[in-house]
Protein chains: 2
Amino acid sequence: MNFCQACTVRNRAICADLETYEIALLNKIGRRRRLEAGESLMWEGDDAVYVANVVSGVLKLSTQTSDGREQILGLAYPSDFLGRPFGNTSPYNAEALCETVVCVFRRTDFERFALDHSRLEHKLLERTLSELDRTRRWMLLLGRMNAEERLAALLLEIGARSVAAGCGNSADADIDRFELPMSRQQIADILGLTIETVSRQLTKMREDGIIEIRGRRKVTICKRGVLEKLAA
Amino acid sequence: MNFCQACTVRNRAICADLETYEIALLNKIGRRRRLEAGESLMWEGDDAVYVANVVSGVLKLSTQTSDGREQILGLAYPSDFLGRPFGNTSPYNAEALCETVVCVFRRTDFERFALDHSRLEHKLLERTLSELDRTRRWMLLLGRMNAEERLAALLLEIGARSVAAGCGNSADADIDRFELPMSRQQIADILGLTIETVSRQLTKMREDGIIEIRGRRKVTICKRGVLEKLAA
DNA sequence: CGATCAGTTGAATCGGATCAAAACCTGTGG
DNA sequence: CCACAGGTTTTGATCCGATTCAACTGATCG
C-alpha cells in the first residue's frame with residue numbers, strides 16, 4: 001500500500017521533488033505510525049534507530065540536565081523531519097503533544113537511501129541548515145530576552161507555524177487566532193521560564209488588550225504590532 | 001598555487017576524503033584570507049556572498065536583538081565551516097577573536113561544486129547535523145543553567161575544543177591548561193550573563209581551588225571532576 | 001608617570017523563582 | 001442536571017540570583 005501517494009505533506013517534506021520511482025522505493029522502507037498525546041517517539045541518548053517525517057500533529061523536542069530540569073529544544077510540525085541520520089544516538093526526546101501521525105524509517109535504511117539519492121540528501125541538508133538557523137534565533141531568546149519578550153516571540157511563532165503546517169485538526173488555524181498545542185508547563189519549558197511566570201505574563205497581555213484567551217488554549221492576537229515590537 | 005596541499009585542516013575539514021582532482025578544483029575556486037582580531041568576515045542580514053573554512057584562529061558567531069543586546073551563538077575553531085550555503089542572507093555575524101586564517105569561497109561557486117560532488121555535500125550535511133546537536137545542547141545551558149554551571153560548561157568546552165583544533169598559536173593547548181580566546185565581555189555574551197557575574201564566578205572558582213588563573217586569560221583546570229559535575 | 005582600558009569588588013535593586021493557596025476547568029457518576 | 005474529584009491554572013507573598021550602577025584595582029603603553 002502506497003502511503004506517499006495520498007500524503008498530505010508530500011510536497012513540503014524532504015521527499016518533495018523525488019521522482020515517482022524514488023517515491024515508490026521510499027514508500028517501501030517507511031511506514032506510518034500514530035502517536036497519542038504524551039507518547040514518545042524517541043529518547044535522548046538512546047540508539048538512534050528511527051528517523052521520521054511529521055505528517056500531522058505536533059511534537060516537542062526536549063533535553064534535560066542530569067538533575068531533571070527540562071528544556072524544550074523546539075517543536076516539530078507537519079513536514080518537519082525528526083531524528084539523527086548519520087549519528088548513533090538520539091540527541092533529544094521527541095514526544096507528541098497531541099494526536100500525531102509520523103512516517104518512520106529505520107535510520108540505516110534511510111541513510112542508505114539518502115546516500116544513493118543525492119536529491120534527497122540535498123533536501124535534508126537544506127532542511128538541517130534552516131533548522132540550525134531557527135535554533136540559533138531561539139538562542140537569542142533564551143540568552144537575552146525577558147519573560148514578556150519570550151512569550152511574544154512564542155505566540156508569533158506558533159501562529160505562523162500553525163498556519164504554515166496545518167496543525168493537525170486545524171479548522172481554526174489562523175495566524176492571529178489559533179489553539180496552543182501545549183500546556184502552560186510546556187510553554188514554560190520551551191521558554192526557559194516557570195509556569196507561574198508564563199501565567200502572569202499571559203494575564204498581563206490579556207489585561208493590556210494585546211491578546212484574548214478563551215478557555216485555556218484558544219488565543220487571539222489583537223495587537224500584532226505590539227507583539228512584534230516586543231519580540232524583535 | 002595550491003593551498004590545499006599544505007593545509008593544516010585538510011584532513012578534518014569538509015574537504016577531507018575528496019579525490020585529488022576534486023581538491024584541485026576546489027583549490028581553484030577558494031582563496032586564503034587573513035583576519036585581524038576584531039575583523040568581521042560576515043554580518044547578520046547581509047547577502048550571503050561567501051562561505052569559508054577556518055584554517056587557524058577562533059571566530060565568534062553572534063546575533064543581536066533590535067535594541068543591540070548581543071548573543072554569541074557559538075565559536076568557530078580550525079576545520080569548522082562558516083556561512084550559509086543555499087540561503088540568501090547570512091544568519092549571523094562572524095568576527096575573528098584573534099588573528100585568524102580562513103579559506104573562503106564565493107557561495108555560488110561552492111554550491112555549484114557541492115551539487116556536483118555529493119561526497120562534499122555529504123560531509124557538509126554531517127557537519128551541519130553535528131553543529132545542530134551542539135547548538136541544541138547550548139540551549140539547555142542558556143535556558144536552564146545558573147551562572148556557575150554555565151561557566152563550568154564553557155571552560156570544559158574551550159579546553160576540549162582548543163585541543164581538538166589546535167587553536168591558532170597553540171603551543172599551550174592542553175585540555176586542562178589553555179588560553180581563553182576572548183575577553184570577559186565576550187564570555188558574558190556567550191553565556192548570556194553580564195561581565196560582573198562572569199568575573200565573580202571566576203573569582204569564586206579560583207578561591208574554591210577549582211581553577212587557576214594567570215594573567216587575564218591563562219586558565220588551568222585543577223578539579224575537572226567538579227566542573228564536570230556542575231556542567232552536567 | 002599619568003592615561004586608558006579591562007577586570008574586579010561592593011551595595012542596591014529587580015525580575016523571575018519558589019512556596020503556598022485559591023480559582024478554574026473538565027470529566028465522572030449519582 | 002448537579003456535585004464533586006482530579007488536575008491545571010491563576011493569584012499572592014516572599015526570596016534569591018543576577019543585574020545594575022558605581023567605585024576601585026591593575027595591567028599596558030605612549
Side-chain angles (χ1 to χ4, degrees), chain A residues 36-38 60 64-65 67-72 97-99 141-155 179-208 210-219 230, chain B residues 37-38 60 65 67-72 97-98 140-155 179-208 210-219 230:
Chain A
E36 304 299 323
K60 67 169 188 184
Q64 50 223 53
T65 56
D67 61 340
R69 284 169 287 176
E70 182 178 31
Q71 174 64 49
I72 295 188
L97 292 177
C98 54
E99 197 186 305
L141 176 144
L142 291 174
R144 286 289 182 234
M145 290 187 177
N146 64 26
E148 187 179 33
E149 293 165 336
R150 292 181 196 203
L151 236 335
L154 183 67
L155 290 174
E179 190 156 339
L180 297 173
M182 68 209 90
S183 71
R184 296 289 187 274
Q185 181 59 58
Q186 286 166 335
I187 293 176
D189 290 333
I190 292 176
L191 298 177
L193 299 169
T194 58
I195 184 174
E196 295 94 332
T197 301
V198 170
S199 176
R200 277 186 251 271
Q201 290 299 332
L202 284 177
T203 302
K204 183 165 163 294
M205 284 183 178
R206 189 162 42 75
E207 286 170 348
D208 294 350
I210 297 171
I211 57 171
E212 265 175 31
I213 307 177
R214 274 147 303 113
R216 283 177 167 168
R217 297 192 168 190
K218 290 188 213 309
V219 174
L230 280 171
Chain B
K60 68 170 189 186
T65 55
D67 61 342
R69 283 168 287 177
E70 183 178 31
Q71 175 63 51
I72 295 187
L97 292 176
C98 56
L140 183 61
L141 177 142
L142 292 174
R144 286 289 180 233
M145 290 186 176
N146 65 23
E148 187 179 34
E149 293 165 337
R150 292 183 196 202
L151 236 335
L154 184 66
L155 290 173
E179 189 157 337
L180 297 173
M182 68 207 88
S183 69
R184 297 288 187 275
Q185 181 58 60
Q186 285 165 336
I187 293 177
D189 290 334
I190 291 176
L191 298 177
L193 299 170
T194 58
I195 183 173
E196 295 94 331
T197 302
V198 170
S199 178
R200 277 186 253 269
Q201 290 299 331
L202 284 176
T203 302
K204 181 164 165 294
M205 284 183 178
R206 188 162 42 75
E207 286 170 348
D208 294 350
I210 298 171
I211 58 172
E212 267 175 28
I213 307 177
R214 276 148 302 114
R216 285 177 165 166
R217 295 192 169 190
K218 289 189 216 309
V219 173
L230 280 170

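Below, chain A is the first sequence line, B the second, and so on; all start at residue 1. The basis for the numbers below is simple: all heavy atoms, side chains too, and nothing from hydrogens, waters or symmetry mates.
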Requested in this report: Return the nearest nucleotide to the side chain of A:Thr197; candidates are D:dT11, C:dT9, C:dG16.
Outcome: C:dG16
Query raised in the report: Where the side chain of B:Gln201 is concerned, which of C:dG7, D:dT11, D:dA18 is the nearest nucleotide?
Result: D:dA18
**Report entry** Whole-Å distance separating the CE atom of A:Met145 from the P atom of D:dT19
**Finding:** 17 Å
Requested in this report: For B:Arg216 and D:dT28, give me the distance from atom CZ to atom C1', rounded to whole Å.
Outcome: 8 Å
**Report entry** Nearest-Å distance for atom pair CG/P, residues A:Leu142 and C:dG15
**Finding:** 20 Å
Report summary line: Atom CD of B:Gln186 and atom P of C:dC5 are separated, to the nearest Å, by 16 Å
Query raised in the report: Which sits closer to the 5' end of DNA chain C, A:Glu196 or A:Glu148, going by the nucleotide each is nearest to?
Result: A:Glu148
**Report entry** For atom NZ of B:Lys204 and atom P of D:dA18, their distance in whole Å
**Finding:** 10 Å
Report summary line: Side-chain atoms of B:Leu193 come closest, of C:dT9, C:dA6, D:dA18, to D:dA18
Report task. For the pair A:Glu70 and A:Lys60, find out whether any cationic side-chain nitrogen is under 4.0 Å from an anionic carboxylate oxygen. Result -> yes
Requested in this report: Nearest 0.5 Å please: distance from the CG atom of A:Leu202 over to the CD1 atom of A:Ile187.
Outcome: 6.0 Å
Query raised in the report: To the nearest angstrom, how far is B:Arg217 atom CZ from C:dA6 atom C1'?
Result: 9 Å
Query raised in the report: Whole Å only: how far is the CD1 atom of A:Ile195 from the P atom of C:dA22?
Result: 18 Å
Report summary line: From CZ of B:Arg214 across to C1' of C:dG7 the rounded distance in Å is 17 Å
Report summary line: Between A:Arg144 and A:Arg206, whichever has its closest DNA chain D nucleotide further toward 5' is A:Arg206
Query raised in the report: Salt bridge or not for B:Asp208 and B:Arg206, using N-O below 4.0 Å?
Result: no
Query raised in the report: Is it true that B:Glu148 and B:Lys204 make a salt bridge, defined as a side-chain N closer than 4.0 Å to a carboxylate O?
Result: yes
Query raised in the report: Can you tell which of D:dT9, D:dT20, D:dA18 lies closest to the side chain of B:Arg200?
Result: D:dT20
Report summary line: When B:Thr65, B:Asp189, B:Asp67 are each screened for side-chain hydrogen bond (donor to acceptor under 3.5 Å, both in side chains) with A:Arg144, the one that passes is B:Asp189
Query raised in the report: Is A:Ser199 touching bases, backbone alone, or none of the nucleic acid, heavy atoms closer than 4.0 Å?
Result: base
Query raised in the report: Reckon B:Arg184 touches a base, only the sugar-phosphate, or nothing at all at heavy-atom distances under 4.0 Å?
Result: sugar-phosphate
